[in-house]
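Step one of this worksheet: look at the structure below.
A, B, ... follow the sequence lines: proteins, then strands. Residue 1 opens every chain.
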Protein chains: 2
Amino acid sequence: MEAAEAGCPARKWSLVKTMYATTARRAVVDLLKGERRYLTASTIFALLKRDNPKLALSTVYRTLETLTELGSVSSRTEPSGEASFVYCNDEHHHHAICTVCGHVDEVDCAAMEQFRAALLANQSFTLDEHSVEFYGRCTRCR
Amino acid sequence: MEAAEAGCPARKWSLVKTMYATTARRAVVDLLKGERRYLTASTIFALLKRDNPKLALSTVYRTLETLTELGSVSSRTEPSGEASFVYCNDEHHHHAICTVCGHVDEVDCAAMEQFRAALLANQSFTLDEHSVEFYGRCTRCR
DNA sequence: CCAAAATATGCTAGTCAATTGCAAATACCT
DNA sequence: AGGTATTTGCAATTGACTAGCATATTTTGG
Ligand SMILES: [Mn+2]
Ligand SMILES: [Mn+2]
Ligand SMILES: [Zn+2]
Ligand SMILES: [Zn+2]
């Protein structure tokens, strides 16, 4: 599975009508796969600009939008209001974000089920979806 | 406690150096206390403009910022990227948001503790804070 | 391999939520 | 009421993000 994703997530890309494996898209995916933390579009742009001086910021935005639709990328909104993006696996999960280095741990959803049950018990609320983010310090930073 | 908050949250306001209880601030607080759902600044502005034609949008933004700092208001980011605001109680809690009418139920944090413990057990992660939002249908809308 | 067709990119010019500077207005205190 | 601290309204600006369009890149299939 990891081997099948080498270079770019070809498996996922095949889901879309037609989608060219361009250098820009490969660059964005490779960068996000390496840095498992939320990065803003302008940060990604600045990092990639070094090796690809003619890259445009609008291309980064368009690429991130496409990857988000595919599910390869998940986005969140920073306190500043700026959007940021992180590489993601397929399965539904949540994020534990290190407040020191920004590293993102993926938290399995299974443990959430017991909490969902508790919520439904004492709240008269039909639960459809949930959005959860934990903040703390990862192994390296604690 | 509810009586002490009549009109405006005077108790909270006293925490700040000096803060005038202006008509604009009272209007924003009263509106948000009535509508227990997330509203954008421009929506709030439009609603208040009816009774106060000379109100400025920038005043609404500044008021919401102030109330957020005080803790009387909590904000989130709509999928569109626009910020929205809801009236909040003091205690740490989470929000269950009705996907039909937008009504916000406050979810007690206590039940979260057992989940926090589970998270710490199978994730090598020092949990400091968390941000949770549930989406579903409230009693009225189910 | 090599075009033609399909799609993506770079650049520029917008858009629009949100912020800011400042003079006029309002709230507070004595 | 009078003086001072704070807020407001208004207009100008910012800054993240989007859109139009000509050019460049990637695919396809001959
Ligand atoms: Mn989950
Ligand atoms: Mn909690
Ligand atoms: Zn860390
Ligand atoms: Zn509802």
Within the pair A/R25 and C/dA8, is there a side-chain N or O less than 4.0 Å away from OP1 or OP2?
yes
Could you give the CZ-to-C1' distance, from A/F45 to D/dA16, as a whole number of Å?
14 Å
By the salt bridge (Lys or Arg N to Asp or Glu O under 4.0 Å) test, which pairs, at least two apart or in different chains, include something from residues 40-61 of chain A?
none
Going 5' to 3' along nucleotides 13-19 of chain C, which nucleotides have protein heavy atoms under 4.0 Å from the base (write B), which only from the sugar-phosphate (write S), and which from neither (write -)?
----SSB
Distance in angstrom units between B/L55 CG and C/dT26 P, rounded
13 Å
Identify, with sequence neighbours excluded, every residue that meets ring pair (Phe, Tyr, Trp, His ring centres under 6.0 Å) alongside A/F134.
B/F115
Kindly state each residue pair satisfying ring pair (Phe, Tyr, Trp, His ring centres under 6.0 Å) with at least one member in residues 24-58 of chain A, sequence neighbours excluded.
A/Y38-A/H95
Please collect all salt bridge (Lys or Arg N to Asp or Glu O under 4.0 Å) contacts where either partner lies in residues 68-80 of chain B, sequence neighbours excluded, each pair once.
B/R76-B/E78, B/R76-B/E133
Using nucleotides 24-28 of chain D, report all nitrogen or oxygen pairs with the protein that are shorter than 3.5 Å.
unit_1: D/dT25; atom_1: OP1; unit_2: A/K54; atom_2: NZ; d: 2.9
unit_1: D/dT27; atom_1: OP1; unit_2: A/A21; atom_2: N; d: 2.9

Listed partners of B/E65 passing salt bridge (Lys or Arg N to Asp or Glu O under 4.0 Å), at least two apart:
none
side-chain contact (heavy atoms from CB on, under 4.5 Å) involving A/E82 - partner list, sequence neighbours excluded:
A/T40, A/S42, A/S80
Roughly how bent is the helix from C/dC1-D/dG30 to C/dT30-D/dA1 end to end, in steps of 10 degrees, with each end axis from five pairs?
40°
Check side-chain contact (heavy atoms from CB on, under 4.5 Å) between B/S58 and all other residues, then give those that pass, not counting sequence neighbours.
B/A56, B/R62
Who are the side chain to side chain donor-acceptor pair (under 3.5 Å) partners of A/N52, not counting sequence neighbours?
none
Measuring only between side-chain heavy atoms, which start at C-beta, is A/T63 closer than 4.5 Å to A/I44?
no
Figure out the CZ/C1' separation between A/R62 and D/dC17, and round it to whole Å.
11 Å
Which pairs with one or both residues in residues 60-83 of chain A pass ring pair (Phe, Tyr, Trp, His ring centres under 6.0 Å), sequence neighbours excluded?
none
